[in-house]
Number of protein chains: 2
Amino acid sequence: MAASRTPAGSVTIQDVAREAGVSRAAVSKVIRNAYGVSPAMRERVNAAIKKLGYRPSVSARGMRGATYTLGIELPEFANSFFTRLIAGATTAVADSPYQLVIAPADQTHQEGYRAIQALVDRQVDGVIAVSPMVESAWLEEIAASTPVVMLGRHDASDRYDTVVNDDAAGARLAMRHLLELGHRDIAHLTSIPEKAVIDPGVPQVIRLETYRAAMEEAGLGSRMRVVGVGVGEAAAHRAALAMLGDPEPPTAVFASHDEPALGVLRAVADAGLTTGDVSVVGYDDIEIAGHPGISLTTVNQDGERLGALAARLLLERIAGRTEPRHEVIEPELVVRSSTRPPRPSATSARLRALGDR
Amino acid sequence: MAASRTPAGSVTIQDVAREAGVSRAAVSKVIRNAYGVSPAMRERVNAAIKKLGYRPSVSARGMRGATYTLGIELPEFANSFFTRLIAGATTAVADSPYQLVIAPADQTHQEGYRAIQALVDRQVDGVIAVSPMVESAWLEEIAASTPVVMLGRHDASDRYDTVVNDDAAGARLAMRHLLELGHRDIAHLTSIPEKAVIDPGVPQVIRLETYRAAMEEAGLGSRMRVVGVGVGEAAAHRAALAMLGDPEPPTAVFASHDEPALGVLRAVADAGLTTGDVSVVGYDDIEIAGHPGISLTTVNQDGERLGALAARLLLERIAGRTEPRHEVIEPELVVRSSTRPPRPSATSARLRALGDR
DNA sequence: CACAACTTGTAGACCGATCTACAAGAGGAG
DNA sequence: CTCCTCTTGTAGATCGGTCTACAAGTTGTG
């Protein structure tokens, strides 16, 4: 009952060959721009292709040659930073014969593996992956047969390429900004779940370590406060509300990403406070951060540039490059109105009152 | 020099057959859960599969059978409504053997065709598409060989399924809300570009027509004001700024999507006004709309539900259903603080002054 | 005990491309 | 004119699965 998968309309290379009066091999040569084709034959074949509306089967191609498909594994779509990557990659491959295909991976731990494997199973010619959580050894195994570019990984393997922004530098910018404004009670809200075991080299970990180092350097080691929430705005909102209810709440929060930073902003508003009371810094510079209603100070890592660069590296690998490349992009601090100098006395009094009730 | 595409590690069905001491056909049966397999053989084969780490090649499978791949064509990632669809579809196929794969299509006109075609070329078992712009006739041709579910299309074909929200009802909710607040000068900002020729049946068109009808019904036909901007927040921002500079600016703006509504909000802030001066209503209820800094009144069309429903319909089609199904989801108005009663005298005076300078 | 019906596994064609090896013909050199 | 090289096109193996047809064995029935 199910419709036939190859209906009458489906035209194969054989049909084109018959129409043009040549062999299958000849048609194959023409569509691949291979050597050994006379202009006359090329023309006849192209005419036949056009006339019949022929489209090569990617599956059949994949069995021997290339699929002209690049796979991107993405762990999250809610965070618009990730979607910027796609925009960058899309434009980078726009006038290549390659088609981009995205495999969504849920936040859960195993999903990164599943999605990348699914792409490899589908014979993509190369993979760009954004899961910082998968093991390096496993990736190297994949990379042995399929070119791989990893985004946001600081562990430099010589089997795959990496593109990262300098998370240490970015986090330093954020912390210096808060310290220069005069903040001393600076909390860090990280997307690393409490008590999770995680590779070092993951952006969040580097941002966390940089926070710690900056606090120590400033002689504020005793005032460090790190809250590990998972992924998502909602979790950050809850954690921030709890934090603001503390007897001694922080005067500034540095969040590991913009998304949780939005949650903090929401919590600040919910608590009847403003960013004059509690400064907030994010990381990513997602689109909405610049909106006047949000106006979040954050660290910009140019997502489109990262995505485009990753795509270019992947194309180079496919073209034959084997020496690894590891690109680092410099982040920039974007100061908006979510960060202000602290109001020491008034604020702490007011917040203490809030904590008491 | 390029790495071999099928390295030493690549294990085929033949290897598994040898390891288990059975035929290729037997292994094939086991992995497809086909009839005619004894428990003993199943066990041996599964053990061999596990031992060798065998993964079936999707390309090879695609040549005869299924690829267990569902394709989603998406025109936009910046708009988080679209990404919600993915979340819904992902959960809907989570415990099916199918893998979701997304093909990005740029905003430009031809891109929808290109992306859908790319998916079909890759032998996906079914397609969910969100491009309202592609021609129905072309889609029906595609649908003849590959099951298709269209999102956000009101033209009910009997060759493919559709899932839409009731755009007319949603737009009516928005308009009624503004009218009940007392607004009379209501402008409509639509993502339809000026002077574009577009299928009726496209959500934006239906929202536009509903706006017109509501204005006429309320006796405000002469006060209709429609501005066609393209896609994107920035374009809406520019258009809104121009509109607010008018001698007689509107007291409320109904935008065809949340994204341009954000642009209007930004323009309102830039002009030194608030939503007390100019009310704004969007459509989609994207995540950020609920944030206190934005607090946009909008029409919620449950993206996740739409996506999940589309995926379910697609799975049904793949399973053999041939009668078309056309699902309509009822939207809901979400009132937040971006809509307030108009301030007739003060506002117009102030705005007029603004227009004069 | 003969024959039917069912179960279990295999052989081999097939899907639609790519790609190697080679044949036929054209042009050039000596 | 012969031999060599280069160009142009073809035949046919090959990729890794699926699936049909069938053989062999097992169980049931009258």
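A quick note: this is a predicted structure, and the numbers were derived from the prediction, not measured. Residue numbering restarts at 1 for every chain, and letters A, B, ... go by the order of the sequence lines.
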field: Residues within residues 16-26 of chain A bordering DNA chain C, heavy-atom distance below 4.0 Å
entry: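 When residues 16-26 of chain A is checked for heavy atoms under 4.0 Å from DNA chain C, the hits, listed by number, are Arg24(A), Ala25(A).
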field: Partner set under side chain to side chain contact (heavy atoms under 4.5 Å, CB included) for Glu135(A), not counting sequence neighbours
entry: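 If we apply the side chain to side chain contact (heavy atoms under 4.5 Å, CB included) test to Glu135(A), skipping adjacent residues, the hits are Tyr113(A), Trp138(A).
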- prompt: Does Gln14(B) have any side chain to side chain contact (heavy atoms under 4.5 Å, CB included) partners at least two apart in sequence or in another chain, and if so, which?
  reply: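 By the side chain to side chain contact (heavy atoms under 4.5 Å, CB included) rule, Gln14(B) matches Thr12(B), Ala17(B), Arg18(B), Arg24(B).
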task: Measure from the side-chain heavy atoms of Arg64(B) and tell me the nearest of dG9(C), dC19(D), dG16(D).
output: dC19(D)
- prompt: dG16(C), dG9(C), dG16(D): which one has an atom nearest the side-chain heavy atoms of Lys29(B)?
  reply: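 Selected nucleotide (nearest to the side chain): dG9(C).
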message: In the structure I gave you, are the side-chain heavy atoms of Pro104(A) and Ile102(B) within less than 4.5 Å of one another anywhere?
response: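 In contact.
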query: Toward the 5' end of DNA chain C, which comes first, Ile31(A) or Tyr35(B), by nearest nucleotide?
result: Tyr35(B)
- prompt: If you look at every strand shown and take non-hydrogen atoms under 4.0 Å, does Val58(A) touch a base, only sugar-phosphate, or nothing?
  reply: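 Nothing, no nucleic acid heavy atom in range.
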- prompt: Can you list the residues that meet the salt bridge (charged side-chain N to carboxylate O under 4.0 Å, His left out) rule with Arg321(B), with sequence neighbours excluded?
  reply: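 Per chain and number, Arg321(B) pairs via salt bridge (charged side-chain N to carboxylate O under 4.0 Å, His left out) with Asp161(B), Glu316(B).
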Return the value, rounded to whole Å, for the distance between atom [atom1] of [X] and atom [atom2] of [N].
X	N	atom1	atom2	answer
Ile49(A)	dA17(C)	CD1	C1'	13 Å
Met63(A)	dG16(C)	CE	C1'	9 Å
Arg42(A)	dG9(D)	CZ	P	10 Å
Arg122(B)	dG16(C)	CZ	C1'	15 Å

- prompt: Among side-chain atoms of Tyr160(A) and Ser136(A), is any donor-acceptor pair under 3.5 angstrom?
  reply: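 Their side chains do contain a donor-acceptor pair, which is all the 3.5 Å distance test asks for.
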query: In chain order, what residues pass the side-chain hydrogen bond (donor to acceptor under 3.5 Å, both in side chains) check against Arg61(B), with sequence neighbours excluded?
result: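 Counting only residues at least two positions away or on another chain, Arg61(B) forms no side-chain hydrogen bond (donor to acceptor under 3.5 Å, both in side chains).
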Can a side chain N or O of [X] be found less than 4.0 Å away from OP1 or OP2 on [N]?
X	N	value
Tyr68(A)	dA17(C)	no
Arg61(A)	dT18(C)	yes
Ser38(B)	dT7(C)	no
Arg32(A)	dC19(C)	yes
Ser28(B)	dT18(D)	yes

Exercise answer: donor-acceptor pairs, residues 70-81 of chain B side-chain atoms, under 3.5 Å, sequence neighbours excluded:
from	atom 1	to	atom 2	distance (Å)
Glu73(B)	OE1	Val130(B)	N	3.0
Glu73(B)	OE1	Ser131(B)	N	3.2
Glu73(B)	OE2	Ser131(B)	OG	2.6
Asn79(B)	OD1	Phe81(B)	N	2.8

